[in-house]
Amino acid sequence: MFYSEPRITILARPAFTEPAHLPVHWMGESTDGERLAEFAGRLCYMSQKNPASRATREYLENIKRQRHGSVLEHASYSLLLEGVSRALSHELVRHRTASYSQLSQRYVDESEANFVVPPAILGDAALEASWRAEMERAQASYVGLVAELMTRYAWVTDRVHRRKMAREAARGVLPNSTETKVVVTANARAWRTMLELRAGEGADLEIRRLAIAILRALQAEAPGFFSDFEIYIAEDRREAARSEHHKV
Ligand SMILES: Cc1cc2nc3c(=O)[nH]c(=O)nc-3n(C[C@H](O)[C@H](O)[C@H](O)COP(=O)(O)OP(=O)(O)OC[C@H]3O[C@@H](n4cnc5c(N)ncnc54)[C@H](O)[C@@H]3O)c2cc1C
């Protein structure tokens with residue numbers, strides 16, 4: 001299978017329980033994650049009565065304006081990312097304030113691995129065909145190597161260990177475009193940093209496309225944290241995003 005876009009699933013979001021002894025005068029629409037952050041912010045000044053009559057999303061906008069980003073750290077979101085390449089995941093995991101669990105190429109058989117078409121190649125039939133041929137050649141080479149290594153290490157009695165030895169060596173011939181799956185958990189502040197860097201025009205096209213898709217998902221999920229990001233068409237005719245609140 002060849003992926004031409006990532007697949008994103010929100011796996012987990014905050015569940016806020018308001019303490020009965022510290023009720024907040026909530027205003028406007030909000031989600032649990034946004035309320036959790038507002039509750040944490042208001043605790044600092046014991047302003048639960050909401051003297052400025054701010055709706056939750058206005059309150060969070062002000063938090064971003066004032067650069068009180070630590071308040072956003074209370075709300076975490078876990079995303080399942082599929083249809084992304086190993087090249088992309090290598091860049092993604094550089095964001096150190098998130099937690100990752102990624103498909104292991106040592107344990108999982110990649111004989112039927114999927115591949116992610118690089119965005120710049122998509123839509124050009126000739127380029128796609130020659131790229132696909134390379135993917136298929138690499139996969140065939142992987143399958144052959146695993147079989148030969150299983151024979152070479154037949155004396156290793158633990159079959160699981162032998163398979164791991166074969167797969168970890170054979171994966172060396174798999175390309176950067178091999179599909180991977182990752183679960184990422186990060187708080188709203190960390191997601192914002194990742195989105196600012198990776199949805200920007202300087203980012204690699206595949207991670208930029210992913211960042212835009214994550215941004216759309218998180219904007220729908222919790223607008224109070226992400227609605228200030230603007231998606232636009234850049235000079236290279238691709239989508240990019242920016243926010244006026246740099247590194248909140
Ligand atoms: C367009 C682009 C090109 C890139 N090219 C390269 C490249 O060629 N080679 C390469 O190696 N990397 C490259 N990177 C990766 C880049 O250097 C960063 O590692 C990556 O973007 C993570 O960003 P970050 O370090 O700001 O923040 P994150 O790891 O996402 O952390 C968020 C913030 O937390 C704080 N923080 C986190 N860890 C620490 C710490 N240990 N000490 C102090 N503060 C910390 C910082 O304020 C940081 O900005 C590139 C990134 C982009 C966006």
Side-chain angles (χ1 to χ4, degrees), residues 6-82 84 92-102 181-200 207 210-231 241-248:
R7 180 173 183 178
I8 296 166
T9 311
I10 297 182
L11 298 177
R13 50 178 65 87
F16 173 62
T17 310
E18 185 174 28
H21 62 292
L22 284 176
V24 170
H25 180 58
W26 307 108
M27 295 184 71
E29 238 187 289
S30 58
T31 57
D32 273 16
E34 292 162 301
R35 284 192 175 204
L36 172 59
E38 179 176 353
F39 181 87
R42 290 200 177 281
L43 186 84
C44 302
Y45 304 129
M46 292 301 277
S47 65
Q48 290 87 0
K49 288 195 176 133
N50 196 354
S53 295
R54 281 203 172 106
T56 297
R57 287 171 187 161
E58 284 167 358
Y59 178 85
L60 293 173
E61 199 52 42
N62 193 48
I63 287 282
K64 286 181 277 183
R65 220 174 5 250
Q66 305 288 335
R67 306 181 62 74
H68 290 165
S70 60
V71 166
L72 311 183
E73 292 172 13
H74 295 287
S76 290
Y77 296 88
S78 299
L79 268 55
L80 165 66
L81 308 180
E82 299 172 275
V84 296
L92 183 67
V93 300
R94 297 296 306 278
H95 294 281
R96 295 157 288 175
T97 47
S99 304
Y100 305 92
S101 297
Q102 181 171 12
K181 299 180 193 295
V182 199
V183 172
V184 188
T185 299
N187 63 51
R189 188 185 204 181
W191 278 119
R192 287 182 58 90
T193 305
M194 177 274 183
L195 292 172
E196 184 180 337
L197 287 167
R198 302 302 181 173
I207 201 167
L210 174 76
I212 297 285
I214 291 177
L215 176 59
R216 287 204 166 98
L218 291 178
Q219 279 182 332
E221 173 70 30
F225 297 136
F226 303 101
S227 62
D228 54 302
F229 278 91
E230 174 208 6
I231 298 174
R242 60 189 162 211
S243 162
E244 62 190 88
H245 303 305
H246 170 61
K247 271 194 89 180
V248 164

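Starting from 1, each residue takes its place in the sequence as its number.
- By the 4.5 Å heavy-atom criterion applied to side chains, Ile214 and Leu81 are counted as neighbours.
- Applying the salt bridge (charged side-chain N to carboxylate O under 4.0 Å, His left out) test to Glu230 and every residue at least two apart in sequence or in another chain returns Arg242.
- Residues meeting the salt bridge (charged side-chain N to carboxylate O under 4.0 Å, His left out) test with Arg7, sequence neighbours left out: none.
- Side-chain N or O atoms of Arg192 include none that pairs as donor or acceptor with a backbone N or O of Lys247 at under 3.5 Å.
- Scanning all heavy atoms of the two residues, the minimum distance from Gly69 to Val248 falls at CA-CG1, 3.4 Å.
- To the nearest 0.5 angstrom, Ser227 atom OG is 12.0 Å from Leu218 atom CG.
- The two atoms that bring Arg35 and Thr56 nearest to each other are N-CG2, 4.4 Å, heavy atoms only.
- For residues 64-82, the salt bridge (Lys or Arg N to Asp or Glu O under 4.0 Å) pairs, not counting sequence neighbours, are Glu61-Lys64, Lys64-Asp228, Glu73-Arg189, Glu82-Lys181.
- Residues passing the salt bridge (charged side-chain N to carboxylate O under 4.0 Å, His left out) test with Glu196: none are found, sequence neighbours excluded.
- Residues forming a salt bridge (charged side-chain N to carboxylate O under 4.0 Å, His left out) with Arg42 (at least two apart in sequence, or on another chain): Glu38.
- When the side-chain contact (heavy atoms from CB on, under 4.5 Å) test is applied to Leu197, the partners found at least two apart in sequence or on another chain are His95, Thr193.
- Between the CD atom in Gln66 and the NE2 atom in His245 there is a gap of 10.0 Å [rounded to 0.5 Å].
- Contacts of Phe39 classified as ring-ring contact (aromatic ring centres under 6.0 Å, His included), with partners at least two apart in sequence or in another chain: Phe16.
- The list of salt bridge (Lys or Arg N to Asp or Glu O under 4.0 Å) pairs with a residue in residues 10-33, not counting sequence neighbours, reads Arg13-Glu221.
- A heavy-atom distance below 4.5 Å is not found between the side chains of Tyr100 and Thr185.
- Legend: salt bridge (Lys or Arg N to Asp or Glu O under 4.0 Å) pairs involving residues 44-60, not counting sequence neighbours, sorted by first then second residue: Glu34-Arg57.
- Residues Gln102 and Val183 are not in side-chain contact: their nearest non-hydrogen atoms beyond the backbone lie 4.5 Å or more apart.
- Checked by atom type and distance alone, the side chain of Thr9 never pairs as donor or acceptor with a backbone atom of Leu11 at under 3.5 Å.
- For the residue pair Pro14 and Gly33, the shortest heavy atom distance occurs at CG-CA, 3.6 Å.
- With contacts defined as side-chain heavy-atom distances shorter than 4.5 Å, the pair Leu210/Ile8 qualifies.
- Residues Ala37 and Leu60 approach most closely at CB-CD2, 3.9 Å, considering heavy atoms.
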* Could you check Leu43 against Leu22 for side-chain contact (heavy atoms from CB on, under 4.5 Å), going step by step and ending with a plain yes or no? => CA-CA 9 Å; Leu43 186 84; Leu22 284 176; 3.9 Å; yes

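- Residues passing the side chain to side chain donor-acceptor pair (under 3.5 Å) test with Ser99, sequence neighbours excluded: none.
- Shown here for Ala190 and Thr97, the closest heavy-atom pair between the two residues is CB-OG1, 3.4 Å.
- Taking the side chain to side chain donor-acceptor pair (under 3.5 Å) definition, one finds that His25 meets it with nothing, sequence neighbours left out.
- Residue pairs meeting the ring pair (Phe, Tyr, Trp, His ring centres under 6.0 Å) criterion with at least one member in residues 47-80, sequence neighbours excluded, do not occur.
- We find the CD1-CG distance between Ile212 and Leu195 to be 8.5 Å, quoted to the nearest 0.5 Å.
- Leu92 has its side chain within reach of Val184: a pair of non-hydrogen atoms, C-beta onward, lies under 4.5 Å apart.
- Between the side chain of Gln219 and the main chain of Phe226, a donor-acceptor pair closer than 3.5 Å is present.
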* Could you give me the CA-CA distance, side-chain angles and deciding distance for Leu79 and Trp191, then say whether side-chain contact (heavy atoms from CB on, under 4.5 Å) is met? => CA-CA 11 Å; Leu79 268 55; Trp191 278 119; 3.9 Å; yes

